[in-house]
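Below is one structure; the comments refer to it alone.
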Amino acid sequence: MPIASDPGADPVPEYGAWRKGVAGVLAKARRVDVSELPEEPERLLDETTYDGLTVAPLYTRRDELPEQPLPGTFPFVRGRDATRDVHRGWFVSARFAQRDAAVANREILAALENGISAIWLGAGERGVPVADLPTALTGLLFELAPLTLDAGGDVADAAAQVFTALDGYTAPARDGIRVSLGAAPLTSRFAGPADTGLAEAVALAGQAARRPETVRAITVDGTVFHDAGASDAQELGAAVAAGLAYLRSLTESLDIADALGQLEFRFAATDDQFATIAKFRAARRLWARVAQVCGAPDFGGAPQHAVTSAAMMSQRDPWVNMLRTTLAAFGAGIGGADTVTVLPFDSALPPGELGVSQAFADRMARNTQLLLLEESHLGHVQDPGAGSWYIEDLTAALAAKAWEFLQEIEAAGGYLAALESGLLAERVAATKAARDADVAHRKTAVTGVNEFPNLAEQPLSEAARQTGRVARYGAAFEQLRNRSDAYLAEHGARPKALLVPLGSVAEHNVRVTFIANLLASGGIESINPGPLAVDGIAAAAAEAGAPIAVLCGSDTRYGSEAGEAVRQLRAAGVPTVLLAGAAKAVADLDDAQRPDGFLAARIDAVAALSGLLEKVGA
């Protein structure tokens, strides 16, 4: 007879020993006694997301949640399709926005031959002229490659052209043809681009519902909220609120099942892979709950189109974007997105800015997904993150937070009312401001932009320096670099700062590296003469001719040499003298010997670097 386990026993008996080990490490790192740490010292390692969710340093059986139903069943957390082709995985999509229909057709067919399995086609003002759509679609096997339109205000006319093409197309199973018309009036109203009206979208949905193919008229585009700076929960909550607004209009002429069948969702995938996995799982859970409340839980599995985040893309060192989009595609695929579009690595720049062909950029974007599917075989398992204590916990917490935001929007009168009152914009702007502050203080690293910048890059063109609607994470630093580029064009050299390394290499190397990296992120070139004795500082300053100097050394060294170093630099005519470190390191110096400012790890680097550029006239 099996012995019953003690219900009060810790499911992880080793946790206490782990906690003790954590306490020892933290006490040593903080130079305090273990007794001075809180009762749960591991909580000091917690991280908080922009949604206020806590990410713990360790997840164990203590965090275990009930197992979710299998894919294809309510609440669809594990996937909407129980019979997805494991050899195909998700649909590999690419966007085509050429004006010439014949060129678009050649590129579509070539891309299909080279691995893509879904088409995202711009039409009207966003791509191929509507009247030329049949040319662009020539030779397309609709039952094999789903088609999504992006036609804005021309969507009704574009849909008519597609329907005509379908009427003349022969296929054994019409319902296997999947078309998304892409009408997005409500989310486009938030973002600003022209789109069709809500009444027109509803009418189009009525036509789509009567088609023998699987046609969805409306795309709930959550990426517009993400691109404006929204958190994950805000993106999900706002998108579901927009979906509810569509349902209310659609059910005036369609039954709830048909209305649900007219919606699909588009969300951004970022390089935070675990957050992305949780986002797509949580999104399905949220929409399934809406369908359940509406009395049609079995119809709550709306398709999801993942697009790699435009906000995370950098203009500086854009090659790093290949790594970002790889992580994003991984997260979206593991999270269960039905279709994934990887933006080309140079998408934040005008075409041809880097001197590489569009074909190369498109191929790299396509192959990012093909490597994940065909070499890593990520599509062979549905929801491989299931059962992970961390992923399950994050999914549940994110869904709850997004539902909370949805309720806030509904309490304000619904999506349209929240949009008109400015509530949506206000909440998103607050998150954007918090993220911008983290990037500015370099709490959040953007590789190649505010960390490890490459000052040897070619300056950007005037077209590249124009700001767009996407709130890119590193934009503030890139604007500083633009100012440096303009200075370079005018003076033949970049703004310069002299590094003044005090003491041995062991004493100053960390701060020299930190300052060089910091200055470069603002477009300021560092001159490093190597270790300097105090009596050699004036000569180094005269040789460098830089208007800015930064003392770099240990706090102990500052105590004995910083005052005299400042005096020497000022006597040599250096207008601005800074110190790498905190003000407390030279608290005993009088005003004549104190540096003009301090560059420490968590300063507002954007503000500090902007001020330095102003001092040199950039």
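What you see is a predicted model; the values in this text were computed from it and never measured.
Distance check: L419 CG to R189 CZ gives 7.0 Å after rounding to the nearest 0.5 Å. D272 contributes atom CG, which lies 7.5 Å from atom CG of D232 (distance to the nearest 0.5 angstrom). Distance CZ/R481 to CG/L613: 11.0 Å, rounded to 0.5 Å. Within the model, atoms OG of S314 and CG of L349 stand 8.0 Å from one another, a figure rounded to the nearest 0.5 Å. A distance of 13.0 Å separates CD1 of I218 from CG of D221, quoted to the nearest 0.5 Å. Taking CD1 of I277 as the reference point, atom CD of E392 lies at 11.0 Å (rounded to 0.5 Å).
Across all non-hydrogen atoms, the minimal contact from P459 to R494 is CG-NH2, 4.4 Å. Nearest approach of Q382 to R78, heavy atoms of both residues: O-NH2, 3.8 Å. Summarising the geometry of V428 relative to A228, their closest heavy-atom pair is CG1-O, 3.6 Å, with the distance given to 0.1 Å. Closest approach of L112 and A145 over heavy atoms only: CD2-CB, 3.9 Å. The heavy-atom pair separating A329 from L372 by the smallest distance is CB-CD1, 3.8 Å.
Using a 4.5 Å heavy-atom threshold, the side chains of L519 and L609 count as touching. Residues L204 and Q207 meet the side-chain proximity criterion, which asks for heavy atoms closer than 4.5 Å. Between Y246 and V220, some side-chain heavy-atom pair lies under the 4.5 Å cut-off. Taking the side chain as every heavy atom from C-beta outward, L378 and W90 approach each other to under 4.5 Å. Side-chain atoms of L133 and L121, non-hydrogen and from C-beta on, do get closer than 4.5 Å to each other. For the pair W287/L263, a side-chain contact is recorded, criterion being any heavy-atom separation below 4.5 Å from C-beta on. Contact of the Y59 side chain with the L394 side chain is not registered, since no non-hydrogen atoms from C-beta on lie closer than 4.5 Å. With contacts defined as side-chain heavy-atom distances shorter than 4.5 Å, the pair R211/I177 does not qualify.
Using cut-offs of 30° and 60° on the angle between ring planes, the pair Y390 and F274 is tilted. Ring-plane geometry between F267 and F265 is classed as parallel, the angle between the planes falling under 30 degrees on a 0 to 90 degree scale with a further cut at 60.
Proximity of a side-chain donor or acceptor of K279 to a complementary backbone N or O of G335 within less than 3.5 Å is not detected. Remark: the backbone N or O of P134 is not paired with any side-chain donor or acceptor of Q161 at under 3.5 angstrom. Using a distance-only test at 3.5 Å, with no hydrogens or angles considered, a donor-acceptor pair links the side chain of Q315 to the main chain of A348. Between the side chain of D338 and the backbone N or O of Q304, at least one donor-acceptor pair lies under 3.5 Å. Within the 3.5 Å criterion, the main-chain N or O of L186 finds a donor-acceptor partner in the side chain of Y415. Checking side-chain atoms of R465 against main-chain N and O of L460 turns up a donor-acceptor pair under 3.5 Å. A distance-only check finds a donor-acceptor pair linking the side chain of S347 to the backbone of P344 [under 3.5 Å]. Without hydrogens or angle criteria, D132 side chain to P129 main chain gives no donor-acceptor distance under 3.5 Å. In this structure a side-chain-to-backbone donor-acceptor pair under 3.5 Å is missing from Q369 to A365. Under a 3.5 Å cut-off, the side chain of E213 and the backbone N or O of L166 do not form any donor-acceptor pair.
By the neighbour-count criterion of 12 heavy atoms within 6.0 Å, atom CD of Q358 is densely surrounded, having more than that number from other residues, nucleotides or ligands. Counting non-hydrogen atoms of other residues, nucleotides and ligands closer than 6.0 Å to CD of E47 gives a total of 12 or fewer. Within a 6.0 Å radius of CZ in F299, other residues, nucleotides and ligands contribute 12 heavy atoms or fewer.
Between the side chains of S461 and E353, at least one donor N or O lies within less than 3.5 Å of an accepting N or O. In this structure, a donor-acceptor pair under 3.5 Å is present between the side chains of S610 and R483. With 3.5 Å as the limit, one finds a donor-acceptor pair spanning the side chains of T83 and D81. No side-chain donor-acceptor contact under 3.5 Å links T223 and R266. Checking N517 against E451 by side-chain atom types alone, a donor-acceptor pair falls below 3.5 Å. Side chain to side chain, N450 and R316 fail the donor-acceptor criterion of an N or O pair below 3.5 Å.
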Start with the C-alpha distance between L141 and Y169, add both sets of side-chain angles, then the distance that settles side-chain contact (heavy atoms from CB on, under 4.5 Å), and finish with yes or no. CA-CA 9 Å; L141 301 178; Y169 184 81; 3.7 Å; yes
Chi angles and distances behind the salt bridge (Lys or Arg N to Asp or Glu O under 4.0 Å) call for D51, K401: CA-CA 7 Å; D51 291 310; K401 196 68 177 182; over 6 Å; no
Dump the intermediate steps for side-chain contact (heavy atoms from CB on, under 4.5 Å) on M313 and T325, then the final yes or no. CA-CA 9 Å; M313 304 293 267; T325 54; 3.9 Å; yes
List the steps and the verdict of side-chain hydrogen bond (donor to acceptor under 3.5 Å, both in side chains) for R442 and S521. CA-CA 10 Å; R442 303 207 305 171; S521 68; 4.5 Å; no
Go through it in stages, so that I can follow the logic: the residues are T138 and N105, the test is side-chain hydrogen bond (donor to acceptor under 3.5 Å, both in side chains), and I'd like the CA-CA distance, side-chain angles, deciding distance and then a yes or no. CA-CA 7 Å; T138 300; N105 179 253; 4.8 Å; no
Given side-chain contact (heavy atoms from CB on, under 4.5 Å), test L424 with F225 step by step and report yes or no. CA-CA 9 Å; L424 260 179; F225 309 112; 4.3 Å; yes
Could you go through I334 and Q273, starting from their C-alpha distance and side-chain angles, then the distance that decides it, and tell me whether this counts as side-chain contact (heavy atoms from CB on, under 4.5 Å)? CA-CA 9 Å; I334 296 297; Q273 61 183 3; over 6 Å; no
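Looking at D436 and K432, a side-chain N of the basic residue comes within less than 4.0 Å of a carboxylate O on the acidic one, giving a salt bridge.
Under the salt bridge (Lys or Arg N to Asp or Glu O under 4.0 Å) test applied with D383, the options R80, R284, R281 reduce to a single match, R281. Tested against S180 for a side-chain hydrogen bond (donor to acceptor under 3.5 Å, both in side chains), the candidates Q262, H305, E264 yield a single pass: E264.
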